[in-house]
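See structure below.
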Amino acid sequence: MQLSGKSIVVSKKEMSFLEKLYLPAILGGLRITLKHLFRKKATINYPEEKRPFSPIYRGMHVLKRDEHGAERCTACGLCAVSCPAEAISMEAAERKPGEEKSFREEKYAAVYEINMLRCIFCGLCEEACPKEAIFLTDRITPSDFQRNSFVYGKDKLVEPVDADKRVDVTKRQSTAVLDFKTNTKLAHNK
Amino acid sequence: MLAVLIYKLILVFAILGISLVVAMYSTYAERKVAAFMQDRLGPNRAGPFGLLQPLADGVKMFMKEEIIPSVSNQTLFIIGPCIAMTTSLMTSAVIPWSSDLSINGTSYPLQVTDVNIGILYLFGVVSIGVYGIMIGGWASNNKFSLLGALRASSQMISYEIAMGLAIIALVMMTGTLSLREIVEQQPGGHWNILYQPIGFIIFIVCAFAECNRTPFDLAECETELVGGYHTEYSSMKLGFYLFAEYVNMFISSAIISTLYFGGYNFPFMHELGLSPNMLALLGGLVFFAKIFFFIFFFMWIRWTIPRFRYDQLMNLGWKGLLPIALGNIALTGLVMWLTGKIN
């Protein structure tokens, strides 16, 4: 029975004189390798040259701040619930008077951890977030030697306050995405 | 007398230096050629275009821990790579690098020694080269090394016969064993390849086998023998074996160019009207261009065709090349008789 129709019947016929000489076949091979000698090379010289990322590349996460520098995350836990790899965990805390500058709403995440070894970079946390707080960026999670160091806390995830050090996520916040998140006609926004 | 001695010493050291530098950069060229033929870039980190890579590799080789297995025959273990290196460097003595230079009326031949049995000398030294591999493989006391050494020696002995017979046809034509006279007999573009194409093909195939180069690198067949005869070697002793292979490649390229491609002769060299010294210089450059082409050819072949199986190797040597070489001798004799060169 043939499954693919691609099978070839192997013939074990005697080689002809020319084939026995090997030389025509070798010359054919030499022609092919010579052509490859002048071909464009596939190598990318990594540190100098970087492979361009797709605009929707899903890399290391960032916890965004709002325009005044206050953390957007309210520790609602939707990202942790949506995470298929169960990589996210958090502890909520209540905002004290005088902390309005640091936290946007009354509740905030005192501890927010993502285990980068568990994370599969699917981006569901980003989709689930109702506060536009978590985004995946085009940064790559750096390699390390210890497992513990891959559990990223708020120190690594929250973006800096300085306006010029903010992490740019405009590419991922395209109008289509924003519309998807804010359009009240869609069931998930009701 | 003293002047001659000093001149010869300078020449010897210059040729040794050139052989070693060419061998060093052959390792770099090999990696670059391999990479380019596989659509990669190859080493390009050490220095511009990776040109310092051979130096880095050399330093690495020297720094590596030197291991002599306790079960090995230690004297032979050390002698092995020494023989391989020495014999590969010795062959350069009889190669005529260019025509004579004449300074202040004295002529300086650019050849260490013009022995009248140059070809026999070459064959003798190359045959000793087998011992380097054999002794190394035997002294390691390792089954893979021994198998590699056995393969290398039987392969080299088998292919030496076909190689010798290919040369006999050439020697019949030229009537001399001196390499310089053979070169002088090919002025301008009248190269021996035009008269001995079959002999040339046999010779170059055997040269590949003698150098243990792909497709005949069964002695270090990684898929079957770990590393072949140098499995147990490390540090600069391994470096010597690898280096000897590249020096061998350089010397065989030189011999191929000398015997079949006119050595330092090039077409229209006498019509240019240059002074003898200029001609010697230009001839030397042309000779090196030919050598570099053949070194490239060695690499080109290596990255094109896969390794032979051992029985195929022996079949090709004994049932293929040997009868063809014998036929070539008969054919050469017949043509020489018909054209009236012998009676």
Side-chain angles (χ1 to χ4, degrees), chain A residues 4-60 116 121 138-146 149-150, chain B residues 29-46 48-50 162 197-206 208-209 213-216 293-294 296-309 311-313 315-325 327-328:
Chain A
S4 62
K6 284 180 187 169
S7 60
I8 298 165
V9 180
V10 179
S11 77
K12 272 195 160 180
K13 68 171 176 57
E14 278 277 297
M15 286 197 289
S16 69
F17 177 70
L18 268 183
E19 282 170 331
K20 265 186 194 159
L21 274 182
Y22 295 114
L23 288 178
I26 290 174
L27 286 178
L30 287 179
R31 211 170 58 94
I32 290 171
T33 40
L34 193 66
K35 256 194 263 167
H36 276 270
L37 197 66
F38 301 107
R39 247 199 222 161
K40 199 178 166 294
K41 306 301 169 216
T43 312
I44 294 173
N45 280 315
Y46 169 61
E48 292 95 46
E49 241 179 281
K50 278 178 183 153
R51 196 186 290 271
F53 280 172
S54 128
I56 52 159
Y57 183 85
R58 297 193 297 262
M60 194 176 122
M116 287 298 178
F121 299 96
D138 55 2
R139 299 172 301 169
I140 293 174
T141 315
S143 48
D144 210 317
F145 296 99
Q146 258 114 35
S149 56
F150 282 101
Chain B
E30 173 107 85
R31 292 175 64 185
K32 273 287 190 198
V33 168
F36 271 62
M37 283 182 177
Q38 295 162 357
D39 296 342
R40 297 184 285 114
L41 287 175
N44 61 354
R45 294 284 129 178
F49 306 107
I198 303 172
F200 164 68
I201 289 170
I202 298 168
F203 188 84
I204 199 165
V205 170
C206 294
F208 276 98
R213 292 284 299 183
T214 330
F216 307 113
F293 171 76
F294 279 106
F296 171 72
F297 188 71
F298 267 82
M299 292 167 184
W300 189 6
I301 288 280
R302 171 161 182 190
W303 300 106
T304 300
I305 43 183
R307 182 182 292 134
F308 273 83
R309 216 168 52 213
D311 61 316
Q312 289 173 329
L313 175 92
N315 267 337
L316 182 71
W318 289 102
K319 294 186 192 164
L321 294 178
L322 189 63
I324 295 173
N328 188 38

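All of these numbers come straight from a predicted model, not from anything done at the bench. Letters A, B, ... mirror the listed sequences (proteins, then strands); counts begin at 1.
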inquiry  = Under 4.5 Å from any heavy atom of chain B, what part of A/L23 do you find: side chain, backbone, both or neither?
reply    =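 Contact with chain B is through the side chain of A/L23 alone.
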Side chain, backbone, both or neither: which part of [X] has a non-hydrogen atom closer than 4.5 Å to chain A?
X	result
B/L316	side chain
B/W303	backbone
B/L41	both

request  = Using a cut-off of 6.0 Å, state whether more than 12 heavy atoms not belonging to A/I56 lie near its atom CD1.
outcome  =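 Atom CD1 in A/I56 is not crowded, with 12 or fewer foreign heavy atoms closer than 6.0 Å.
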query = Is there side-chain contact between B/I204 and B/F294, with heavy atoms separated by less than 4.5 Å?
reply = yes
ask   = Roughly how far apart are B/I198 CD1 and B/I202 CD1, rounded to 0.5 Å?
value =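 Between atom CD1 of B/I198 and atom CD1 of B/I202 there are 7.0 Å.
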message = To the closest 0.5 Å, what do you measure between CD (B/Q312) and CZ (B/F216)?
response =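 B/Q312 atom CD to B/F216 atom CZ measures 10.5 Å (nearest 0.5 Å).
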query = Does the ring centre of A/Y22 sit less than 6.0 Å away from the ring centre of B/F308?
reply = yes
Max heavy-atom pair count under 4.5 Å with chain A, selected residue of B/N44, B/I201, B/T304 = B/T304
